[in-house]
Amino acid sequence: MVVIHHNPECGTSRNVLQIIQDAGYEPVVIEYIQEGWTKPQLQALFAAANLTPRTALRTSKSPAKELGLLDESVSDEVILDAMLEHPVLVNRPIVCTVKGVKLCRPSEAVLDVLENWPKGPLIKEDGEVIIDANGNRLL
């Protein structure tokens, strides 16, 4: 089973979802911007992915700066509470599989948690080749 915490507005998230589907999986897709987060859910995801709220904070194209979250003195607890109020603050996509939980940026990082890979060639939206025609990972 594969679960992806996905934002369809994000190119990286779309790339990761496509890689998962091209590998033959039918993932559970959680559009967290619409659904939101719970505190226990984020805490569990971050612990499993070896992240902290600060390392999982999306600093670009989010209200992080406006909310004052970029200052090093802001605690992880404050950041976590802000993530609950503003789901877009969580960097994405986060993918969960039997091999682990990973924040998949760049998108080819998803290959680290997939047991099966897509057949090559596999190319990102921007034209960058991830897997060549022979099935070799390039990125």
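The figures that follow rest on heavy atoms only: side chains count, while hydrogens, waters and symmetry mates do not. None of the values given here were measured: they were computed from a predicted structure.
- The minimum heavy-atom distance between Ala56 and Leu51, with the atom names listed, is CB-CD1, 4.2 Å.
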Trace of the side chain to side chain contact (heavy atoms under 4.5 Å, CB included) decision for Lys124 with Ile130: CA-CA 7 Å; Lys124 293 200 264 188; Ile130 299 171; 3.2 Å; yes
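- Note that CD1 of Ile20 and CG of Asn116 are 12.5 Å apart. Values are rounded to the nearest 0.5 Å.
- With rounding to the nearest 0.5 angstrom, the CG atom of Asp112 is 8.0 Å from the SG atom of Cys104.
- Without hydrogens or angle criteria, Trp117 side chain to Gly135 main chain gives no donor-acceptor distance under 3.5 Å.
- In the hydrophobic cluster analysis, where Ile, Leu, Val, Met, Phe, Trp and Tyr join through side-chain heavy atoms closer than 4.5 angstrom, Val110 is grouped together with Leu139.
- Here Asp81 contributes atom CG and Asp76 contributes atom CG; the two are 11.0 Å apart, rounded to the nearest 0.5 Å.
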Pairs of donor and acceptor atoms involving the side chains of residues 5-12, under 3.5 Å and at least two apart or interchain, shall be tabulated with distances.
residue	atom	partner	partner atom	Å
His6	ND1	Ser13	OG	2.6
Asn7	OD1	Glu9	N	2.9

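- The structure places CZ of Arg105 at 11.0 Å from CD1 of Ile94, a figure rounded to the nearest 0.5 Å.
- In terms of the side chain to side chain donor-acceptor pair (under 3.5 Å) criterion, residue partners of Asp22 (sequence neighbours excluded) are, by chain and number, Gln18.
- More than 12 non-hydrogen atoms from other residues, nucleotides or ligands lie less than 6.0 angstrom from NZ of Lys99.
- There is a path of hydrophobic side-chain contacts, each under 4.5 Å, that joins Leu45 to Val88.
- Note on residues 42-62: pairs passing side chain to side chain donor-acceptor pair (under 3.5 Å), not counting sequence neighbours, are Thr52-Thr55, Arg58-Asn91.
- Under the side-chain contact (heavy atoms from CB on, under 4.5 Å) criterion, Thr38 pairs with Pro40, Gln41, not counting sequence neighbours.
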Side chain to side chain contact (heavy atoms under 4.5 Å, CB included) assessment of Thr97 paired with Glu115: CA-CA 9 Å; Thr97 74; Glu115 290 184 325; over 6 Å; no
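- For the pair Val113 and Val101, the minimum side-chain heavy-atom distance is 4.5 Å or more.
- Linking ILVMFWY side-chain heavy atoms closer than 4.5 Å, directly or via other members, places Tyr32 and Leu103 in a single hydrophobic cluster.
- Residues Leu69 and Met83 are not in side-chain contact: their nearest non-hydrogen atoms beyond the backbone lie 4.5 Å or more apart.
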Derivation and outcome, side chain to side chain contact (heavy atoms under 4.5 Å, CB included), residues Ile19 and Leu114: CA-CA 10 Å; Ile19 292 168; Leu114 294 179; 4.2 Å; yes
Stepwise side chain to side chain contact (heavy atoms under 4.5 Å, CB included) test for Leu70 and Leu57: CA-CA 9 Å; Leu70 302 182; Leu57 179 64; 4.2 Å; yes
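- Scanning for side chain to side chain donor-acceptor pair (under 3.5 Å) contacts around Lys39 gives Glu77, with sequence neighbours left out.
- When all heavy atoms of Val3 and Met1 are compared, the pair lying nearest together is CG2-CE, 4.0 Å.
- Two residues are said to be in side-chain contact when any heavy atoms from C-beta on lie closer than 4.5 Å; Ile131 and Pro118 meet this criterion.
- Partners of Glu125 by salt bridge (charged side-chain N to carboxylate O under 4.0 Å, His left out), not counting sequence neighbours, listed by chain and number: Arg14.
- One hydrophobic cluster holds both Leu122 and Val95 under the rule that ILVMFWY side chains link at heavy-atom gaps under 4.5 Å.
- No more than 12 heavy-atom neighbours from other residues, nucleotides or ligands sit within 6.0 angstrom of CD on Glu26.
- Note: the hydrophobic cluster containing Val29 does not contain Ile33 (ILVMFWY, side chain heavy atoms under 4.5 Å, direct or indirect links).
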